[in-house]
Every structure is written in C-alpha cells, then in structure tokens.
Number of protein chains: 2
Amino acid sequence: MTEHLPDEDTIFELLQALHKGISPKFERCAGITPTRFRLLQELFRVSEISQISLQKTLDIDAAAVTRHLRGLEDSGMIARRNNPADNRVTLVSLTDHGRDHINSYREEKTRFISELLTGFNEQERTVLAEMLTRLQYNINLL
Amino acid sequence: MTEHLPDEDTIFELLQALHKGISPKFERCAGITPTRFRLLQELFRVSEISQISLQKTLDIDAAAVTRHLRGLEDSGMIARRNNPADNRVTLVSLTDHGRDHINSYREEKTRFISELLTGFNEQERTVLAEMLTRLQYNINLL
DNA sequence: TTTTATTAGTTGACGGGTCAACGATTCCGG
DNA sequence: CCGGAATCGTTGACCCGTCAACTAATAAAA
C-alpha cells in the first residue's frame with residue numbers, strides 16, 4: 001500500500017514547474033511576452049484606455065505598466081496621449097502598426113494553447129478549468 | 001448555445017494567474033521563498049551535495065544557485081567547503097541551524113498546501129496531478 | 001478660496017530568473 | 001608530459017515583477 005501516493009506536494013511542485021515552462025515557451029512560440037500580449041489584447045478590445053484601468057484589468061503593478069508601455073511605444077505598437085479632461089491620466093491605444101501585429105500574435109497564441117492542451121478532450125478541459133478556478137479561489141483566501 | 005465555453009484561453013490565463021498568486025502567498029505563509037525552500041529540502045535529503053548537482057536536481061540556473069547559496073550562507077543556514085578530491089566543486093550542506101529551521105518550514109509548507117487543496121478530495125487530487133503532468137509533458141514538446 | 005487629501009504616473013531600488021563571458025581546475029589525447 | 005577540451009563556479013548585464021518615494025494634477029473640505 002501507499003503504492004503511488006498522489007501526494008499533496010506533487011501538485012504544488014507541478015504548478016511550480018509548469019509556470020517555469022509556460023512563459024518562456026509562450027514567448028518563443030508567439031514572439032511576445034505573455035504580459036505584453038495581454039496588454040495589446042486589452043488595447044485591442046477597448047481601443048483606448050487609461051493606464052490605471054489597464055493596470056487594474058490586468059492586475060499588474062503600475063511600474064510594470066509604465067515600462068512595458070514604454071517598450072511597446074518604442075517599437076511603435078502603441079500610442080499615448082494626455083486626457084484633455086484630466087491631465088493626470090494618459091490614454092493608451094494601439095497604433096495601426098500594433099493592430100497589424102496583434103492578429104499574428106493571436107494566431108500564434110491560439111496555436112500555442114492548442115499544443116498545450118493536446119490530448120485534452122472537451123470534458124477534461126472543463127474539469128481542469130474548474131479545478132484551477134478552485135485553486136485560485138483557495139489562494140485568494142490566504 | 002456557446003453558453004459557457006470553457007475556452008482554451010481560460011485555462012492559459014488561469015495558469016498565469018495561479019502562478020502570480022502562489023509564490024508570494026507561499027512566501028508569506030512559510031516564511032521562505034519556494035526556491036530557497038527547495039534548496040534546503042534537497043540539502044536535507046542528501047546531507048552534502050555539489051552546486052552543480054543541486055542545480056540539475058532543482059532545474060535552476062547556476063547563477064541563481066550561487067546567489068541563493070550566498071544568501072543562505074549569510075543567514076547561517078548552510079555551509080560550503082571545497083571538495084578536496086576536485087577543487088572545482090564546492091560541497092554544500094545544512095548547518096545545525098539550518099536543520100533546525102527546515103522543520104518549521106516544512107510544517108508551514110504542509111499547512112500551506114493543505115489550504116491550497118481545500119475542497120479537493122483524494123480522487124480529484126489524483127486527477128489534477130495527472131492533468132498537470134500531461135500539461136508539463138505537452139510543454140516540454142514545444 | 002485656500003488648504004488638504006486623493007489620484008495617476010514615473011522612477012529607483014530590490015529580489016528572482018535568464019544568458020554570456022570569464023577564471024580556475026581537471027581530464028584527455030597526441 | 002603537455003596543450004586543448006570540458007567542467008564548475010562566479011560575475012555582469014538584462015528582463016520582469018514588486019514596493020516605496022516622489023511629482024503633478026485634480027477633488028474635497030474648511
């Protein structure tokens with residue numbers, strides 16, 4: 001007995017190892033960092049948005065937003081302008097160039113995710129999503 | 001129809017969000033970084049080991065090992081000595097002080113993980129571990 | 001209205017990870 | 001035996017995230 005104990009620890013280690021693998025592989029496949037992709041995707045969805053809204057939506061630090069946007073601006077993907085109605089906020093939007101690129105990023109991301117979920121049927125995906133949601137819930141209680 | 005599509009993307013985002021939550025919460029609960037805990041745990045297991053073996057076992061960068069060990073050495077948890085049989089390698093081991101501490105870390109970690117898995121019965125844990133393993137496998141193919 | 005508090009964004013410093021370059025040691029083939 | 005190839009560890013530079021301190025602008029209160 002105690003043949004193959006699934007071990008609570010195993011799940012924790014699997015989650016750690018999984019994270020270690022996912023981000024770099026995503027970047028290698030999609031050609032963009034997961035976080036930057038999320039930024040672009042949100043900009044695509046809403047067309048124009050303040051940095052603070054971006055930050056809250058994506059749940060990342062304000063400093064990180066500032067620096068990612070600087071990078072994306074330097075590469076011509078996004079543009080920023082002051083909000084004339086409130087000079088504290090800067091409004092961010094995709095440039096045409098950015099809009100061009102995000103579509104190919106989305107394709108690569110779709111391809112990546114379908115590779116990631118290879119072998120998972122519809123029901124398994126549902127179960128997995130539900131379990132991950134419960135884990136997230138538990139973590140938020142700590 | 002398309003009532004609540006579990007969405008491939010959802011799983012990806014859940015994994016990302018999960019990671020964002022786990023490490024800081026672990027550290028807050030256990031009082032030590034996940035990586036440093038893994039280092040100590042491995043040292044506890046084998047008593048004395050070279051840095052390169054540590055690195056391979058834990059699958060982290062050599063530079064990270066060097067720096068973590070410096071930190072752990074400064075806090076008196078570990079000791080290092082040269083391998084007299086091969087002056088390239090440095091052997092790392094727990095100090096008594098480190099051995100004292102790791103037990104309380106282990107308790108905190110156990111508590112943390114059991115909170116994390118609250119509401120998961122034995123069978124669900126098995127299913128979850130198996131699914132995470134499959135994800136890991138898929139990632140390694142990319 | 002003037003003062004105070006709040007909000008948005010930037011910056012600096014830090015910890016964690018990676019990779020690339022380097023010195024020291026050991027191994028091995030000519 | 002000796003010189004080139006591996007191996008081990010360290011360091012520096014970079015990216016990504018956090019927090020804390022700061023400025024500028026607006027909102028709220030006295």
Side-chain angles (χ1 to χ4, degrees), chain A residues 15-28 30-40 48-75 78-93, chain B residues 15-28 30-40 48-75 77-93 139:
Chain A
L15 286 170
Q16 303 240 125
L18 217 44
H19 154 256
K20 184 175 161 21
I22 278 190
S23 288
K25 286 294 174 70
F26 178 89
E27 183 172 0
R28 215 171 58 72
I32 193 174
T33 285
T35 298
R36 292 203 176 183
F37 177 84
R38 295 209 301 144
L39 280 167
L40 293 182
E48 192 168 43
I49 188 176
S50 67
Q51 290 191 199
I52 186 92
S53 303
L54 261 182
Q55 178 202 334
K56 286 176 181 162
T57 301
L58 303 190
D59 190 27
I60 50 183
D61 191 86
V65 172
T66 291
R67 284 155 189 152
H68 279 303
L69 290 182
R70 179 155 54 236
L72 290 169
E73 195 171 23
D74 289 350
S75 54
I78 64 148
R80 305 151 95 186
R81 68 186 184 96
N82 274 18
N83 184 344
D86 184 341
N87 275 301
R88 288 170 302 183
V89 351
T90 76
L91 297 172
V92 189
S93 58
Chain B
L15 286 170
Q16 303 241 123
L18 216 45
H19 152 256
K20 183 172 161 26
I22 279 191
S23 288
K25 286 294 174 71
F26 178 90
E27 182 172 1
R28 214 171 60 71
I32 194 174
T33 285
T35 298
R36 292 202 177 184
F37 177 84
R38 295 209 301 146
L39 279 166
L40 293 182
E48 193 167 42
I49 188 176
S50 67
Q51 290 192 198
I52 186 91
S53 302
L54 262 182
Q55 178 201 335
K56 287 177 181 162
T57 301
L58 303 191
D59 191 27
I60 49 183
D61 191 85
V65 172
T66 292
R67 285 157 190 153
H68 279 301
L69 291 183
R70 178 156 54 235
L72 290 169
E73 195 172 23
D74 289 350
S75 54
M77 308 280 281
I78 63 148
R80 304 151 95 186
R81 66 186 185 95
N82 274 18
N83 184 345
D86 183 342
N87 276 301
R88 290 170 302 182
V89 350
T90 77
L91 297 172
V92 189
S93 57
I139 286 176

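Naming convention: chains lettered A, B, ... in sequence-line order (proteins, then strands); numbering from 1 in each chain.
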Trainee: With a 4.5 Å limit on heavy-atom distance, are the side chains of A:I60 and A:R38 in contact?
Mentor: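 A side-chain contact under 4.5 Å exists here.
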Trainee: Rounded to the nearest Å, what distance is computed from the CZ atom of residue B:R67 to the C1' atom of nucleotide C:dC19?
Mentor: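 After rounding, the reported distance stands at 11 Å.
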Trainee: Once you round it to whole Å, what is the distance between P of C:dC19 and CD of B:Q55?
Mentor: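 Result: 10 Å.
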Trainee: Measure from the side chain of A:R80, starting at C-beta and using heavy atoms only, and say which of C:dT18, C:dG9, C:dT10 lies closest.
Mentor: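 It is C:dT10.
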Trainee: Between C1' on C:dG15 and CZ on B:F26, what's the gap in Å once rounded to a whole number?
Mentor: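 Roughly 16 Å, once rounded to whole Å.
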Trainee: Quickly work out the B:D59 CG to C:dT18 C1' distance and round it to whole Å.
Mentor: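 Distance, rounded to whole Å: 12 Å.
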Trainee: Answer yes or no: is there a side-chain heavy-atom contact under 4.5 Å between B:S93 and B:R81?
Mentor: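 The answer is no, as the side chains (C-beta and beyond) never meet within the 4.5 Å cut-off.
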Trainee: Mind checking A:T33 for me? I need base, sugar-phosphate or nothing, with any heavy atom below 4.0 Å counting as a touch.
Mentor: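 Sugar-phosphate contact only - A:T33 comes under 4.0 Å of backbone atoms but never of a base.
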Trainee: Please state whether the base of C:dT10 and the side chain of A:R88 form at least one donor-acceptor pair under 3.5 Å?
Mentor: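 Donor-acceptor pair under 3.5 Å: no.
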Trainee: For the side chain of A:S50 and the backbone of A:S53, is there at least one donor-acceptor N/O pair under 3.5 Å apart?
Mentor: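 Checking the backbone N and O of A:S53 against the side chain of A:S50, a donor-acceptor pair under 3.5 Å is found.
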Trainee: Does the side chain of A:K20 come within less than 4.5 Å of B:D59's, by heavy atoms?
Mentor: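 Yes, side chains in contact.
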Trainee: Can you tell if the side chain of B:V92 reaches within under 4.5 Å of the side chain of B:E48, non-hydrogen atoms only?
Mentor: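 The answer is no; the side chains never approach within 4.5 Å.
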Trainee: Tell me the interatomic distance from A:K56, atom NZ, to C:dT7, atom P, rounded to whole angstroms.
Mentor: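 Atom NZ in A:K56 sits about 8 Å away from atom P in C:dT7.
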Trainee: Starting at CD1 of B:I52 and ending at P of C:dT26, how long is that distance when rounded to a whole Å?
Mentor: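 To the nearest whole Å, that distance equals 16 Å.
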Trainee: With under 30° as parallel and over 60° as perpendicular, where do the rings of B:H19 and A:H19 fit, or are they tilted in between?
Mentor: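 The rings of B:H19 and A:H19 lie parallel, inter-plane angle below 30°.
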Trainee: What contact category does B:T66 fall into here, base, sugar-phosphate, or nothing, at under 4.0 angstrom with non-hydrogen atoms?
Mentor: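 B:T66: base contact, heavy atoms under 4.0 Å.
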Trainee: If each of B:V89 and B:R70 is mapped to the nucleotide of DNA chain D with the nearest heavy atom, which maps nearer the 5' terminus, i.e. the 5' end?
Mentor: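 Here B:V89 is the residue nearer the 5' end.
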Trainee: A:T35 near the nucleic acid: base, sugar-phosphate alone, or nothing, with a heavy-atom cut-off under 4.0 Å?
Mentor: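 Sugar-phosphate only.
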Trainee: Taking any heavy-atom pair under 4.0 Å as a contact, classify B:D61: base, sugar-phosphate, or nothing.
Mentor: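 Result for B:D61 = base.
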Trainee: How close or far is atom P of C:dG9 from atom CG of A:L39, stated in whole angstroms?
Mentor: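 The answer, rounded to whole Å, is 13 Å.
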Trainee: With sugar-phosphate meaning primed atoms plus P, OP1 and OP2, does B:N87 contact a base, only sugar-phosphate, or nothing at under 4.0 Å between heavy atoms?
Mentor: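 Result for B:N87 = sugar-phosphate.
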Trainee: Heavy atoms of chain B, cut-off under 4.0 Å: which first and last nucleotide of DNA chain D, 5' to 3', fall inside that, if you could look?
Mentor: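 That gives a stretch of D:dT7 to D:dT18.
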Trainee: For A:K20 and for A:D86, find the nucleotide of DNA chain C with the closest heavy atom, then tell me which residue's nucleotide is more 5'.
Mentor: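 Nearest nucleotide further toward 5': that of A:D86.
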Trainee: Tell me: CG of B:N82 to C1' of C:dA24, nearest whole Å?
Mentor: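 One finds 11 Å between C1' of C:dA24 and CG of B:N82, rounded.
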Trainee: Within the 4.5 Å heavy-atom criterion, are B:I49 and B:L91 side-chain neighbours or not?
Mentor: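 B:I49 vs B:L91: side chains apart.
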